[in-house]
Amino acid sequence: MNTIRTVDELGRQLSAARALGRTVGLVPTMGALHAGHLSLIERARHDNDIVVVSVFVNPTQFNNPEDLRTYPRTEEADLKALTEAGVDIAFVPTVEEMYPQKDERVFDLGPVATVMEGAMRPGHFNGVAQIVSKLFAIVKPTRAYFGEKDFQQIAVIRRMAQLEGFDIEIVDCPIKREPDGLAMSSRNVRLTPEQRAIAPAIHRILSESVALCPDTPVDKVKKFVTDAINATEGLEVEYYEIVDAATMQPISEWNETRQAVGCVTVYCGDVRLIDNIKYPARP
Ligand code: PAF
């Protein structure tokens, strides 16, 4: 594996590969890699000639300085995992390399970015759009891979790609879960053993709620999920929304959408966990 730390060097390597007609798959990450990331890499390897994985904790998407400070950074282990996963290029830039000057761009991300994470974390999605647009412009991948755990983020990236005219296939990949159902996340390492033991209740309760659709009204399902998670000692729901999978807009009736998705964020102590579940699609 080739570990590259500068934009110029990455550009050089990739234009040589593109000149030979090679397809390039990009997996953007913030490091602290786990099996969820590895599943994106596996998919990217299957679909493309060359796989580039970026490892960069992007400061502009953190609206909470404490969250940025405590975000796990495990570069050595990440590079080992990427080598073992058969990645061709690890792109590991510094903040100065990615942001030689302040990025003042404000993206018109529209309604997909104003609800849920957009409402709770002002500026977060603009920061995601900044870094992903930079990566797309540098790598010019054929395809880019994102995990459905951050379901809303994928909709935002699609919108950014459309705004910026990137001709890149955005591939969404299913959530990877621990055997007990907890969605894999770099933040899980911050859970204490007690918190780790209760966190799987989130997915269990979301899964139970699927059986309530479509006979139980949407607002009652929302209440069921919120109340059941809050009744679990140590968990506190920040929001639970049932939205249309494409527009991210909350629905009030099941028949308003073909595919409804329930998106939740839950505090487990000071660790903010995110998860989602798809309700049965309507024909
Ligand atoms: O999902 C993430 O890890 C980040 O938001 C991303 C897409 C790598 C951008 O920093």
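All residue numbers refer to positions in the sequence shown, counting from 1.
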Atom pair CD (Glu241) and CD (Gln152), whose distance is rounded to the nearest 0.5 Å: 10.0 Å
Between [Y] and [X], do the side chains contain a donor N or O and an acceptor N or O under 3.5 Å apart?
{"X": "Gln130", "Y": "Thr60", "value": "yes"}
{"X": "Ser252", "Y": "Glu256", "value": "yes"}
{"X": "Tyr99", "Y": "Asn58", "value": "yes"}

Could you tell me whether [X] and [Y] have a side-chain N and a carboxylate O separated by less than 4.0 Å?
{"X": "Glu42", "Y": "Arg45", "result": "no"}
{"X": "Asp67", "Y": "Arg121", "result": "yes"}
{"X": "Lys80", "Y": "Glu84", "result": "yes"}
{"X": "Arg5", "Y": "Glu75", "result": "yes"}
{"X": "Arg258", "Y": "Asp244", "result": "no"}
{"X": "Glu97", "Y": "Lys134", "result": "no"}

A quick test of your reading: do over 12 heavy atoms of other residues, nucleotides or ligands sit less than 6.0 Å from CG of Asn255? yes
I'd like to know whether CD of Glu236 has more than 12 heavy-atom contacts from other residues, nucleotides or ligands below 6.0 angstrom. no
Examine distances only and state if a side-chain atom of Asn2 and a backbone atom of Ile4 form a donor-acceptor pair shorter than 3.5 Å. no
Within the distance-only criterion (no hydrogens, no angle test), does the side chain of Arg143 pair as donor or acceptor with the backbone N or O of Val171 below 3.5 angstrom? no
Got a sec, which residues hit ring-ring contact (aromatic ring centres under 6.0 Å, His included) with Phe146, two or more places apart in sequence or on another chain? none
Side-chain heavy-atom pair [X], [Y] within 4.5 angstrom cut-off:
{"X": "Val24", "Y": "Thr142", "value": "yes"}
{"X": "Lys140", "Y": "Phe166", "value": "no"}
{"X": "Leu273", "Y": "Asn188", "value": "yes"}

Which is it for Leu26 and Phe91 under the side chain to side chain contact (heavy atoms under 4.5 Å, CB included) test, yes or no, and what are the steps along the way? CA-CA 10 Å; Leu26 171 67; Phe91 178 49; over 6 Å; no
Please list every donor-acceptor pair under 3.5 Å in which a side-chain atom of residues 32-40 meets a protein atom from a residue at least two apart or in another chain.
unit_1	atom_1	unit_2	atom_2	d
His34	ND1	Gly36	N	2.9
His37	ND1	His34	N	3.1
Ser39	OG	Gly36	O	2.7

Could you go step by step and tell me if Asp150 and Glu117 meet the side chain to side chain contact (heavy atoms under 4.5 Å, CB included) rule? CA-CA 10 Å; Asp150 298 298; Glu117 292 300 275; over 6 Å; no
Step by step, work out the side chain to side chain contact (heavy atoms under 4.5 Å, CB included) result for Tyr240 and Leu206. CA-CA 10 Å; Tyr240 183 57; Leu206 288 176; 3.5 Å; yes
